[in-house]
Protein chains: 2
Amino acid sequence: MADIPREREESLDVIQRELTAFARRARSAAARLHPDLPLVSYTLLAHIDYRNGCRATDLAAHYMLDKSTVSRQVASLEKLGLVERHPDPDDQRIQVLHPTAAGTQALASTQASRRAAYRERLGTWTSGDLEQFAEYLLRYNSAGEETPPL
Amino acid sequence: MADIPREREESLDVIQRELTAFARRARSAAARLHPDLPLVSYTLLAHIDYRNGCRATDLAAHYMLDKSTVSRQVASLEKLGLVERHPDPDDQRIQVLHPTAAGTQALASTQASRRAAYRERLGTWTSGDLEQFAEYLLRYNSAGEETPPL
DNA sequence: CCACACTCGTTGTAGTATACAACTAAAGTT
DNA sequence: AACTTTAGTTGTATACTACAACGAGTGTGG
């Protein structure tokens, strides 16, 4: 039951369909998890934090967004007092983005409810399955650093 | 290396982060794969086809969308001549949606390029890994029929 | 040192996706 | 017949996004 092409195709179709369903549902779910935070911005804020500061260009590359989109999102995060921009002394074009204290705090409280949701949702999974699933997702996403993910 | 809670948390965080990254990238990727099709509508059309006809309400439930959103998307698909509405004779409130010939055809050609993209992307995976990954995604998504997926 | 090219970011404009609320119409329930 | 529930539409407002044009800073080849 291993290398029969038909089985591969079936698996690919399932993966395609389920990933699509997930992506379509993600927004509404995210809205429920942090109704306050501008919601897409949350993702960017989380990434800024994860990277310990980064540039707008990095965000655009990572999420495949136009720089104008990122620019506005960052502006909105700044207006909300969640991120700060620090000009890079070596290159005046660059603004290094960092979460403010409020940003870190907002992230932490949101992260808590996200974690709780995931824990509940994946509560019945064995640790081995979680690990394996995480590994698959990493592999899947990294495969598409260059090419489109969907 | 099995049931240590810390390891579970780490896996959960990775899953969370990678699923989020995927969801954020999905739109831009989808835009590249079918620049012609209204692009969100594609998903709905695919689901209508997959189900061999369904109601707008079913689409809303499946993708966690507001009925007004679905109503407009379906209207746009109809205007493009990709779906037809057939009133249910037993219940005049209901419109059963079906792909038109053009809809089926559009779906087929898009599906071809999608399949190609997935085949390329997952070409190095073993059939076993694909099967396992598909199974995880199914399990993950079905766990959230009630609760939010993200 | 200057002209050209490149990079980072912003702003103008426009299209798409989405939700919420109010509404119509058709069934179903008392 | 009156109330409730379900299916779908429309009005309105907002979020997200891209593309194009632009401004400012950096780097490089004459």
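So that the names make sense, note that chain A is the first sequence line, chain B the second, and so on, each numbered from 1.
- One side chain, B/R114 or A/T20, offers a donor N or O that lies under 3.5 Å from an acceptor on the other.
- A/K79 has its NZ atom 10 Å from the P atom of D/dA15, to the nearest Å.
- Contact annotation: A/Q92 side-chain N/O to D/dA24 OP1/OP2 distance is not under 4.0 Å.
- In this structure, CZ of A/R32 is placed 12 Å from C1' of C/dA19, rounded to the nearest angstrom.
- Close to D/dC16, at under 4.0 Å from its OP1 or OP2, lies a side-chain N or O of A/Q73.
- Regarding contacts with the backbone of C/dT10, a side-chain N or O of A/R85 is found under 4.0 angstrom from either OP1 or OP2.
- Between the side chain of B/R25 and the backbone N or O of A/H62, at least one donor-acceptor pair lies under 3.5 Å.
- Side chains of A/Q73 and A/S41: a donor-acceptor N/O pair is present below 3.5 angstrom, by distance only.
- Rounding to whole angstrom units, CG of residue B/D90 and C1' of D/dA7 are separated by 15 Å.
- Base contact: A/R72 has a heavy atom under 4.0 Å from a base atom.
- Within the 4.0 angstrom heavy-atom criterion, only backbone atoms of the sugar-phosphate kind lie near A/D91; the bases stay farther away.
- What separates CG of B/D88 from C1' of D/dT6 is a distance of 13 Å, to the nearest Å.
- Atoms CG (A/D66) and P (D/dA20) sit 10 Å apart, rounded to a whole Å.
- Listed pair B/R27 / D/dC16 fails the phosphate criterion, with no side-chain N or O lying under 4.0 Å from OP1 or OP2.
- Distance NZ (B/K67) to P (C/dA22): 12 Å, rounded to an integer number of Å.
- A side-chain N or O of B/R32 and one of B/S28 form a donor-acceptor pair less than 3.5 Å apart.
- Comment: A/D129 engages B/R139 in a salt bridge, judged by a side-chain N to carboxylate O separation of less than 4.0 angstrom.
- Each of B/V74 and A/L65 lies near DNA chain D, and the nucleotide nearest B/V74 is the one positioned closer to the 5' end.
- At the phosphate of D/dT17, neither OP1 nor OP2 sits under 4.0 Å from any side-chain N or O atom of A/S68.
- The CG atom of A/L97 sits 12 Å away from the C1' atom of C/dC8 (whole-angstrom rounding).
- For A/R24, no side-chain nitrogen or oxygen approaches OP1 or OP2 of C/dA17 to under 4.0 Å.
- With distances taken from any side-chain atom of B/R93 to the nucleotides D/dA7, C/dC8, D/dG8, the minimum falls on D/dA7.
- Phosphate contact (OP1/OP2 of D/dT17, side-chain N/O of B/S28, threshold under 4.0 Å): absent.
- Spacing between atom OH of B/Y63 and atom C1' of C/dA17 amounts to 15 Å, rounded to whole angstrom units.
- Regarding contacts with the backbone of D/dT17, every side-chain N or O of A/T69 stays at 4.0 angstrom or more from both OP1 and OP2.
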